[in-house]
Student: 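I have a structure I would like to understand better, so I am pasting it below and will then ask my questions one at a time.
This structure is a prediction, so every number in the text was calculated from the model and none was measured.
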Amino acid sequence: MLKIYNTLTRKIEEFQTLEPNLVKMYVCGVTVYNDAHVGHAMSALVFDVIRRYLEYRGYTVKYVMNYTDVDDKIINRAKQLGEDPLALSKRYIEDYARDLQNLNVLPATSNPQVSKTIPLIIQFIEGLIQKGHAYAASNGDVYFRVTSDDDYGRLSGRKLDDMQAGARIEIGEAKDHPMDFALWKSAKEGEISWESPWGHGRPGWHIECSAMNLAELGEQIDIHGGGNDLIFPHHENEIAQSECYTGREFSRYWIHNGMLQLGGEKMSKSLGNIISIKELLSQREADVMRMLVLNGTYRAPLMFNDETLDAAQKNVERLKSGFRAAPLSAKGLAPEAASALVSAAESAKANFIEAMDNDFNTAGAVAALFESVKAINTARDNGATAAQLKPAQVIFRELANVLGLKLEEKQGSGDADAFINLLIEVRGEVRKQKLWATSDLIRDRLNELGVAIEDSKDGTTWKWN
RNA sequence: GGCGUCGUCGCCAAGUGGUAAGGCAAGGGUCUGCAAAACCCUUAUUCGCGGGUUCGAAUCUCGCCGACGCCUCCA
């Protein structure tokens, strides 16, 4: 039985879907005006693993991740670059999609965009006004009336009275209540805008997600995800809008990932301490970033630095060792030992599922993977043939896939293989003659070129580092 | 100040009332000409501190200390 921590109730709850075997899941995507950073990667990876696991458990997952392509920051950046805002956001949408692909994140079922949801957003706002939950101000803005929603503050655990102290009203805003938030913003001169009953303008941030949710998944969804920095005000406001509009419970489960910590601080655009996904992937395999995330708790802050990345890289290397081939000359395992290997793999699988069922305990799941590796490597050391390793490796691969780990040995171009094999062969001859200095020279020089040599009783093998 | 998360081996980290998973690092060993890789063994009587509940607590409860996040755009 899958159990999930629900931010809304602050409890671990049994997971039950609205419709049998179908999970409707919405995850807040990014505002596309710049390169996505490793913090975005963490969030994307967390929800990718959740999605993969739900599918592994037999659910069909409708996975929606939006792009915010209309926003102040986009408009400002476009102005700076002298570019059309929608052209700019289109570039970064394509860019982010590539980043996600490079991180081995499965594509969403759909990626709605604000700019393509405007009519529904307007309709949504009109509905809220009709029901008395929103009002058009004199300046052309439309605001949500927070006092009209008795439940306002329920996700973040805040009371309206407590919130007022910190709230501030920007100059030019015409709110009835300081916490009222914009559903529609009137356009400034020369800004991108759409025609609406309230004049030219564009949607506020929060209404976009409510509208795209409705468009893609309907009135009620199973899981809403995002970073925990979105709990307030973004998700709070989404709940207010959606539930006031439809009169029904919006999302059953709210899942929030913790923030990536860079040098002890949260990484964010406003702090400027950013490492882009592209920078990271130019130095590390996608599996390394994924392992970093998997080895922690998705809800907790995650330390991102060279040390934690190195540790993650070693974990990845170790897991890869489980897929190494058996030597051709392997003499084979006794039947009991071979079946013990299969039981070990199946037991690891059971532990894996148990861990993942417990609020996606990926660290526990990774530990189960290490169990598999150990069993496989021990069997190989004891002389298991390729055929005997196979069943355990198949299970191991299945579990690695659920976590989205590729665990591929690095491939060279292929062109060099013949020459490397030749050098290995020559080295073999030299070793027969006990010319160790020459043999070690070849090994060292190949190592410098990224080729790792491994001698064993059964001959010499090599791989790219 | 308000809301929330969290403090477990040198480091990362699981554990959700029944007597401390896993990885890295470290030490010893097997294999090897020597390495590397892999394998085997060792490494927390103890879970921030102090009370309480219980036959029994890292796990529940109270207090304290400390870290972090949100309360303004943010994954």
Student: Classify the side chain of A:Arg318 and the base of B:C24 as holding, or not holding, a donor-acceptor pair under 3.5 Å.
Tutor: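 Flag unset: no donor-acceptor pair detected.
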Student: What I want to check is whether an N or O donor and acceptor connect the side chain of A:Arg443 with the base of B:C34 at under 3.5 Å.
Tutor: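 Yes, a donor-acceptor pair under 3.5 Å.
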Student: Within the 4.0 Å heavy-atom criterion, would you say A:Gly29 contacts the bases, only the backbone, or no part of the nucleic acid?
Tutor: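 Here A:Gly29 touches the backbone only, sparing every base.
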Student: Looking across every strand, which nucleic acid part, if any, lies under 4.0 Å from A:Thr378 by heavy atom: base, sugar-phosphate, or nothing?
Tutor: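 Sugar-phosphate, backbone atoms only, no base.
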Student: Which part of the nucleic acid, if any, lies within contact of A:Asn228, taking any heavy atom under 4.0 Å across all strands shown: a base, the sugar-phosphate backbone alone, or nothing?
Tutor: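 Since only primed, P, OP1 and OP2 atoms lie under 4.0 Å of A:Asn228, the category is sugar-phosphate.
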Student: Would you jot down, in residue-number order, the residues of residues 425-433 of chain A having a non-hydrogen atom under 4.0 Å from RNA chain B?
Tutor: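 Close to the strand are A:Arg427, A:Arg431.
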Student: Looking at A:Lys314 and B:C24, is any side-chain donor or acceptor paired with a base atom of the opposite kind under 3.5 Å?
Tutor: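 No pair found.
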Student: Both distances below 3.5 Å, Watson-Crick or wobble geometry, any strand: find the nucleotide opposite B:G63.
Tutor: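 Pairing partner: B:C49.
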Student: Can the ring centres of A:Phe181 and A:His206 be said to be less than 6.0 Å apart?
Tutor: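 Centroid separation for A:Phe181 and A:His206: below 6.0 Å.
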Student: Name the nucleic acid region contacted by A:Asn361, choosing base, sugar-phosphate or nothing; use a 4.0 angstrom heavy-atom cut-off, strictly under.
Tutor: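 Touches sugar-phosphate only.
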Student: In whole Å, what is the span from the CG atom of A:Asp72 to the C1' atom of B:U72?
Tutor: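 Computing the A:Asp72:CG to B:U72:C1' distance gives 13 Å.
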Student: With heavy atoms under 4.0 Å as the rule, sort A:Leu230 into base, sugar-phosphate or nothing.
Tutor: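 Sugar-phosphate only.
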Student: Determine whether a donor-acceptor pair (one donor, one acceptor, N or O, separation below 3.5 Å) exists between the side chain of A:Asp440 and the base of B:G33.
Tutor: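 Answer yes: a donor N or O sits under 3.5 Å from an acceptor.
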